[in-house]
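Here is the structure we will look at, set down as structure tokens.
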Amino acid sequence: MTDLTTLLEVGGPVAALGGGAAYTRAKYPAVYWSAIGGPISTARLLSSYSSVMEACGLTVAPSRLRVLAVKATTRREVRPVPPRRGIIRPTSTGLRIRLRLAPGQEPADVAASAERLRHAWGVHAVYVTTVKPGVVELRLVGYDVLRRVRMPRKTDSGFLKVPVALREDATPYVRDYRTVPHQLTLGATLSGKSMYLRHLITGLAPQAVALVGIDCKRGVELAPFAARLSALATDPDEAAKLLPVLVKEMEDRYDLIKARQGIAPDTPDEEITSDIWGLPESERPTPVLLFVDEVAELFLTATRKDEERRDEMVTQLIRLAQLGRAAGIYLEVCGQRFGAELGKGATMLRAQLTGRVCHRVNDEASAKMALGDIAPEAVMAACSIAPELPGLAVAGDTSGGWSRIRTPYLSLGDAAEICRESAHLLPDLPALKPFRPDVPVRLAETPGAAVLPHPVTD
């Protein structure tokens, strides 16, 4: 009886401790990893490194000098040599370790064994990146960082750089307009496309740029950010008037570059290889970022007159995509589908959009429209996104690389407030003043005062 009582007294706290650890792992994975998961995985790595490398085929035969030294000093067996391991550096989401490859090995050999290393060391995922010739870095992620997104405190932000989402390897996904000037973002309804757009706009709002929107859903997506928008078109008719103004602004900027660099006025724009960043800062025009939401609405027609308007708008969009980068005009095109079935010019416009982000789509053909021509292996990854994971997407570019990303939650009210606080940064662009949206006046929060409802619910 005494032994049973002692067992119950000891087993109670142990069971409570185990239950607390399981609860923490499910609800607070970052805390669990820092307290329990990280030390356990580190111990596994240190104790089994050589054997795991040998089992994965990542070892090489020792040199003759090493064999002679071992036989001369000890009687133990001469084992194959694994890659030389560096210092293990813990992070809030996992571990980082550098390996110096043995002669004859390449980074692809380590990448091919990533899944084996994941199981051997008990982590969620292992990612391999090349640091320099002969050196690779293993990034061990301890838990699913995309299930509950928390952006890193330090991100590579800057002018025209927006950390908009988190990659599956726990690094921030940064939208860099200087590197990838134009982008296509696809996603079905409730896939998180609007959340992605919010993060882009709020990240650019505190910067010295001009934000222009075309939202053919009567402005329900972009109107809440009116305080920071230099221009907004809410239907195809207004878009047909706004796009020629942007094209004219682009042409004026080319004339400015010609005048500054002494190029003849009749030189074709296609032959000018410089851009506005070569101009003195005092003469440099403000960068313009054009956000097009539901781009398919610009292609749909019902009458012959609509077809003429559509052809003009598509031609202007293609011109902006082809020539806008040098003039400091960047495109962010969003929609649910974007393919040849929209009509003439759709495929040509898509080919100019270097960056691609594909959220959950309704069919495989939509995923192929976004990723099939740049990263065919990413199409199935986009098709496997579950509806209960809004904001999850596959991001790729014309280099062929791709990765899963997810945007953190940002309420519409908070996003609109950031734009209102940045309204004083609105640049002075006379050509866009006729398209400046009306900013609703906020009533004071006093007893009896009316309260304005949110334009769109989350």
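What you are looking at is a predicted structure, and each value in this text was computed from that prediction instead of being measured.
- In this structure, Leu186 CG and Cys334 SG are separated by 8.5 Å, a value rounded to the nearest 0.5 Å.
- Panel note: side chain Arg356, backbone Leu353; a donor-acceptor pair is recorded below 3.5 Å.
- Counting heavy atoms from C-beta outward, Tyr173 and Val164 have side chains that approach closer than 4.5 Å.
- For the atom pair OG of Ser282 and CZ of Arg284, the computed distance is 9.0 Å after rounding to the nearest 0.5 Å.
- One N or O on the side chain of Arg406 and one on the backbone of Arg147 form a donor-acceptor pair closer than 3.5 Å.
- Checking side-chain atoms of Gln316 against main-chain N and O of Val247 turns up no donor-acceptor pair under 3.5 Å.
- Using a 4.0 Å cut-off between charged side-chain N and carboxylate O, Arg420 and Glu417 make a salt bridge.
- Considering every non-hydrogen atom in both Gly345 and Ile318, the closest pair reads O-CD1, 3.7 Å.
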Next item on the list: Please lay out, stage by stage, how Leu101 and Val136 fare under the test side chain to side chain contact (heavy atoms under 4.5 Å, CB included).
Entry: CA-CA 8 Å; Leu101 301 180; Val136 298; 4.1 Å; yes
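- Look at Arg319 and Glu251 and you find a salt bridge, because one of the NZ, NE, NH1 or NH2 atoms lies within 4.0 Å of a carboxylate O, short of that distance.
- Checked by atom type and distance alone, the side chain of Thr91 pairs as donor or acceptor with a backbone atom of Gly94 at under 3.5 Å.
- Salt-bridge annotation for Glu137 and Arg89: present, with a side-chain N of the basic residue lying under 4.0 Å from a carboxylate O of the acidic one.
- Remark: side-chain polar atoms of Asp215 are paired, donor with acceptor, to backbone N or O of Glu221 under 3.5 angstrom.
- Put simply, the side chain of Arg404 never gets that close to the backbone of Glu168: no donor and acceptor are under 3.5 Å apart.
- In summary, the aromatic rings of Tyr32 and Tyr143 are positioned with their centroids too far apart to meet the 6.0 Å limit.
- In this structure, Lys433 pairs ionically with Asp428, as a charged nitrogen and a carboxylate oxygen lie closer than 4.0 Å.
- Panel note: side chain Ser384, backbone Ala381; a donor-acceptor pair is recorded below 3.5 Å.
- The pair Glu332-Arg175 meets the salt-bridge criterion, with a side-chain N (NZ, NE, NH1 or NH2) lying under 4.0 Å from an Asp/Glu carboxylate O.
- For Leu229 against Leu222, the heavy-atom pair with the smallest separation is CD1-O, 3.5 Å.
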Item checked: Worked check of side chain to side chain contact (heavy atoms under 4.5 Å, CB included) between Asp235 and Arg218 -> CA-CA 6 Å; Asp235 57 54; Arg218 299 296 178 184; 3.6 Å; yes
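- Look at Asp363 and Arg337 and you find a salt bridge, because one of the NZ, NE, NH1 or NH2 atoms lies within 4.0 Å of a carboxylate O, short of that distance.
- Ala210 and Pro427 make their closest contact through CB-CG, 3.6 Å (heavy atoms, listed as atom of the first residue, atom of the second, distance).
- Using cut-offs of 30° and 60° on the angle between ring planes, the pair Tyr330 and His182 is tilted.
- Between atom CD of residue Gln336 and atom CG of residue Asn362 there is a gap of 7.5 Å, rounded to the nearest 0.5 Å.
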Checklist line | Worked check of salt bridge (Lys or Arg N to Asp or Glu O under 4.0 Å) between Arg118 and Glu115 | finding: CA-CA 5 Å; Arg118 177 179 83 87; Glu115 189 67 13; 2.9 Å; yes
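- Here the closest heavy-atom approach between residue Pro285 and residue Leu279 is recorded as CD-CD1, 4.0 Å.
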Next item on the list: Quick one: do Lys217 and Asp293 satisfy side chain to side chain contact (heavy atoms under 4.5 Å, CB included)? Show the steps, please.
Entry: CA-CA 8 Å; Lys217 293 192 298 186; Asp293 190 55; 3.4 Å; yes
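- When all heavy atoms of Pro236 and Leu298 are compared, the closest pair comes out as CA-CD2, 4.5 Å.
- A distance of 10.0 Å separates CG in Leu138 from CD1 in Ile88, rounded to the nearest 0.5 Å.
- A donor-acceptor pair under 3.5 Å links the side-chain atoms of Glu238 to the main chain of Thr234, judged by distance alone.
- Ionic pairing of Asp237 and Lys241 is not present here: no N-O contact between side-chain nitrogen and carboxylate oxygen is shorter than 4.0 angstrom.
- Side-chain contact of Arg228 with Ser422: a donor-acceptor pair under 3.5 Å is absent, judged by distance alone.
- The closest donor-acceptor contact from the side chain of Asp109 to the backbone of Glu106 lies under 3.5 Å.
- Residues Val149 and Thr407 fail the side-chain proximity criterion, which asks for heavy atoms closer than 4.5 Å.
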Next item on the list: Start with the C-alpha distance between Leu331 and Val292, add both sets of side-chain angles, then the distance that settles side chain to side chain contact (heavy atoms under 4.5 Å, CB included), and finish with yes or no.
Entry: CA-CA 8 Å; Leu331 271 63; Val292 182; 5.7 Å; no
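- Interatomic distance, Leu256 CG to Lys258 NZ, rounded to the nearest 0.5 Å: 11.5 Å.
- A donor-acceptor pair is defined here as one N or O able to donate and one able to accept, closer than 3.5 Å; no such pair exists between the side chain of His199 and the backbone of Ser194.
- Looking at every heavy atom in both residues, Ala188 comes nearest to Lys193 through O-NZ, 4.2 Å.
- In this structure, Arg198 fails the cation-pi test against Tyr196, since its NZ or CZ atom is not both closer than 6.0 Å to the six-membered ring centre and inside 45 degrees of the ring normal.
- Phe291 CZ to Leu200 CG: the interatomic distance, rounded to the nearest 0.5 Å, is 5.5 Å.
- No more than 12 heavy atoms of other residues, nucleotides or ligands shown are found within 6.0 angstrom of CZ on Arg150.
- In this structure, Arg178 is positioned above the aromatic face of Trp277, its NZ or CZ under 6.0 Å from the six-membered ring centre and within 45° of the axis.
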